[in-house]
Amino acid sequence: MKRGNIHFGTVVILFLLFGYSTHAAVLPDPVLASIRDSVFEVVVAKPADDDITYEKPLPLTLIPFSVRNDAYYSIGTAFAIAPNRFVSAAHVFSAHTLTFFGDVFLRDKSGRIYTISKVGKYSTARDFIVFSVSNCSVTNTLVINETPKLHDTVFAVGNAYGEGVIIRDGLLTSMTREEENGAWSFLRFSAAASHGNSGGPLLDREGKIIGIVLRKSENENLNYALPISEVLAAPLTATHHARMKYQIANLTTKAIESCDVTVALPKTLSDLRIEFNSAVMQTNIYHITRLFSGRSEGVFPTAPDAADVIMHENRSTFPLLIAEGSKKQWDSFAPEKRESTALNGSGTVEYGELAGMIFSRVSVPYPYGSTNVINDAKQYNDMLLKGYPMHRIIADERTRIVSLGNPINEQTNTDWYGRRWIVRTFVLMYCDWLAVTYTLPLPNGGATFSLFGPTEYIMQQGVASMALLSSFIHINYYGTFEQWRDFLGCRDILPDALQAVSFTFMPDRNAALTSPGFSVRYGTNVFPVTKNSDLELLMGFSIGSTNVTWDVHGAIFGSDRNARSYFGVRKKVPPPEQASDMFKSDWSNVTAGSKPYNTVPFSEDAGVYIRGLHVGNARSAGTAQKIYVIDVGIIGDEQHTNMIRHFHAVSDSVTITE
């Protein structure tokens with residue numbers, strides 16, 4: 001009965017009645033009276049209204065009356081072992097994690113609410129918590145028995161399914177060593193146990209406490225309890241121990257490591273939660289980071305089998321994840337299935353699922369650029385939700401979420417290559433989930449990858465994983481001339497690779513691009529120049545003697561954003577020894593000026609094309625370590641002789657500066 005993560009889109013259906021089953025009659029009346037006085041519901045206050053907007057009113061009447069009219073969610077059971085000393089299961093309180101459900105309270109049989117005062121003992125491994133409560137003193141507590149007998153009758157007492165305290169009988173069947181190293185033994189019992197029983201007492205035939213009900217057996221009715229003797233003998237500290245699987249979405253490597261944290265007590269529950277979560281996060285970040293640093297075979301981009309990804313000239317304007325494939329070969333991956341939704345005007349949002357995340361590409365409605373919407377967190381995220389559907393489910397009804405409102409946190413994360421990602425965190429209060437988005441501003445919108453999940457997982461592993469993965473995203477930069485002019489004016493959002501890039505244009509006159517490796521300046525006699533002309537910068541990786549950079553490898557100029565005529569300048573470099581034969585053959589063709597780099601026009605796909613070496617490379621191509629090639633494509637029936645003139649005019653407009 002561990003308190004499971006509340007899945008996104010679901011509603012907690014909890015009943016808050018208070019009653020007893022007929023099995024309680026076998027216990028003496030004084031014991032029943034002690035149960036009534038000393039066993040409590042553990043509850044959390046329902047969160048304040050979400051900043052969420054739905055496509056239609058929620059069907060709240062489908063939630064049972066008692067639940068929708070209760071100010072609290074019931075999450076488990078606790079019981080007193082002294083006037084102001086209470087015991088429950090650690091997983092009911094989850095003090096080692098952050099939550100947006102707020103404080104945890106006790107509720108007695110009359111409905112009175114009590115505030116947790118101080119935590120005196122806590123262990124996630126043994127799964128118990130000992131605490132005090134403000135303004136509460138229980139004099140009629142149950143007696144403790146530290147030496148239970150096998151095959152004796154036992155009673156599981158707890159707030160089953162949130163329906164109030166229920167008593168159910170069975171037998172103490174065995175004592176089972178804990179799974180990891182046998183440090184203690186669980187009590188196994190056949191009395192029925194349900195969600196909500198967690199933290200309640202397990203009683204012997206005389207009604208004495210022998211253990212804490214922890215969880216239900218998955219395969220048979222042999223449930224688990226922790227002997228109360230383990231609680232009494234435990235030190236006055238808070239300890240968290242877990243064997244956790246660490247994995248990054250783009251690595252085949254996995255690791256099972258221990259996460260161990262100790263915190264001094266006593267502390268308030270909120271202080272304990274903050275200190276615990278900080279320490280657990282740091283431990284998880286350490287283990288996640290070690291997945292990269294501890295790999296003898298290396299990771300992209302320096303791994304030997306990453307050469308093909310580096311050499312590949314990728315034209316994608318959709319974010320790609322650079323990852324290990326099933327054969328441990330690095331490659332660029334996109335969602336297998338991508339869908340596109342139109343935004344108001346001419347914009348689109350394209351999205352798909354990949355590696356447990358949502359990858360999206362937002363092209364804002366023309367003529368707007370990224371600076372108009374990227375800075376408005378709510379507006380941009382609402383655009384994402386017009387594509388990727390999110391729903392809240394109540395009973396059998398699905399209601400679409402159209403806005404998550406404003407983020408609770410926004411910051412900038414700079415990846416390994418100097419790209420500045422806008423990181424936003426949105427909260428779904430009703431189910432204690434977080435949505436984290438990483439957005440890279442682009443001239444005509446943004447590229448985003450998003451992760452949704454329980455607050456506990458997102459805070460302790462998801463955030464660290466996303467920070468690392470941001471360095472493994474590849475995308476080219478695209479926009480119209482107008483959008484580029486506005487984008488390059490916002491220096492604070494530009495990646496390092498574009499800080500030295502400049503672009504100017506005058507409609508119907510000329511355009512000029514300057515980058516660290518080359519510059520292009522041309523007039524309408526070479527190619528059309530309008531506000532609707534477009535530019536795509538081709539980005540790639542360069543491996544130096546001491547570092548790897550991500551920079552501009554080329555540029556594609558389009559005559560119009562709705563047309564297919566273009567000219568381009570692209571950098572070619574010699575492939576490393578580990579590269580595939582395809583790239584070695586291509587380099588041989590480049591250096592020799594062979595087909596398709598032979599400046600011979602050819603017809604294809606309703607157009608005419610020509611490709612060849614830039615004039616500045618022609619004499620030194622055989623020994624060059626960088627060669628720039630020019631290609632031109634004109635849609636229509638352009639004469640081949642004209643294409644040669646086009647090629648030389650374009651080549652003359654390009655200056656190589658490296």
Side-chain angles (χ1 to χ4, degrees), residues 5-10 44 47-54 94 96-102 248-249 270 273-274 276-282 284-285 288 319 349 351 353-360 362 370 373-392 401-415 419-441 445-473 492-493:
N5 295 322
I6 302 171
H7 294 288
F8 170 71
T10 62
V44 292
D49 290 339
D50 281 312
D51 192 18
I52 294 177
T53 304
Y54 302 93
S94 294
H96 59 290
T97 68
L98 291 182
T99 175
F100 286 95
F101 273 178
I248 304 296
S270 59
R273 196 183 299 279
I274 292 171
F276 245 142
N277 187 74
S278 176
V280 171
M281 281 184 64
Q282 292 303 314
N284 289 339
I285 290 172
I288 289 172
V349 53
Y351 62 93
E353 296 186 18
L354 176 66
M357 295 172 289
I358 306 302
F359 282 67
S360 309
V362 173
S370 61
V373 295
I374 288 290
N375 292 329
D376 188 330
K378 181 180 182 301
Q379 181 184 12
Y380 183 80
N381 204 63
D382 289 355
M383 288 182 177
L384 292 176
L385 290 176
K386 286 184 179 180
Y388 182 71
M390 298 177 67
H391 296 85
R392 179 170 175 176
I401 296 172
V402 297
S403 177
L404 294 178
N406 292 303
I408 60 170
N409 180 267
E410 180 172 330
Q411 60 190 48
T412 300
N413 178 73
T414 302
D415 66 20
R419 298 179 295 192
R420 292 158 181 82
W421 296 82
I422 300 173
V423 185
R424 290 169 174 146
T425 303
F426 300 84
V427 61
L428 290 78
M429 284 286 192
Y430 75 92
C431 60
D432 201 14
W433 271 45
L434 293 179
V436 179
T437 63
Y438 266 64
T439 298
L440 189 66
T448 301
F449 66 102
S450 312
L451 182 64
F452 310 100
T455 299
E456 172 185 355
Y457 166 72
I458 295 294
M459 293 300 295
Q460 292 188 355
Q461 288 205 49
V463 171
S465 297
M466 294 182 78
L468 285 171
L469 286 174
S470 65
S471 298
F472 292 84
I473 304 298
D492 57 327
I493 64 174

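The first residue of the sequence shown is numbered 1, and numbering continues consecutively from there. Source: prediction; values computed, not measured.
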Discussion item. With a 4.0 Å cut-off on N to O distance, would you call Asp382 and Lys386 a salt bridge?
Written reply: no
Worksheet item: With distance as the sole test, does Ser465 use its side chain to make a donor-acceptor pair with the main-chain N or O of Gln461 at under 3.5 Å?
Response: yes
Worksheet item: Taking the side chain from Asn409 and the backbone from Thr425, do they hold a donor-acceptor pair closer than 3.5 Å?
Response: no
Worksheet item: Counting only N and O atoms by type, is there a donor-acceptor contact under 3.5 Å from the side chain of Arg424 to the main-chain atoms of Glu410?
Response: no
Practice prompt. Kindly assign one of parallel, tilted or perpendicular to the pair Phe276 and His96, based on the angle between their ring planes and the thresholds 30° and 60°.
Written response: perpendicular
Worksheet item: Excluding sequence neighbours, so at least two apart, what forms side chain to side chain donor-acceptor pair (under 3.5 Å) with Thr455?
Response: Asp432
Fill in: Whether Arg419 side chain and Asn413 backbone form a donor-acceptor pair below 3.5 Å
no
Worksheet item: Is there a donor-acceptor pair under 3.5 Å between the side chain of Tyr351 and the backbone N or O of Tyr388?
Response: no
Worksheet item: Is the side chain of Asn284 donor-acceptor paired with the backbone N or O of Gln460 at a distance under 3.5 Å, no angle test?
Response: yes
Worksheet item: Going by atom types alone, do Thr437 and Tyr380 pair a side-chain donor with an acceptor below 3.5 Å?
Response: no
Worksheet, complete the sentence: Taken in chain and number order and not counting sequence neighbours, the residues that satisfy side chain to side chain donor-acceptor pair (under 3.5 Å) with Gln282 are none
Fill in: Plane angle bin for Tyr438 and Trp421 - parallel if under 30°, tilted between 30 and 60°, otherwise perpendicular
tilted
Worksheet entry | Short side-chain donor-acceptor distance under 3.5 Å, Arg392 and Tyr430 | no
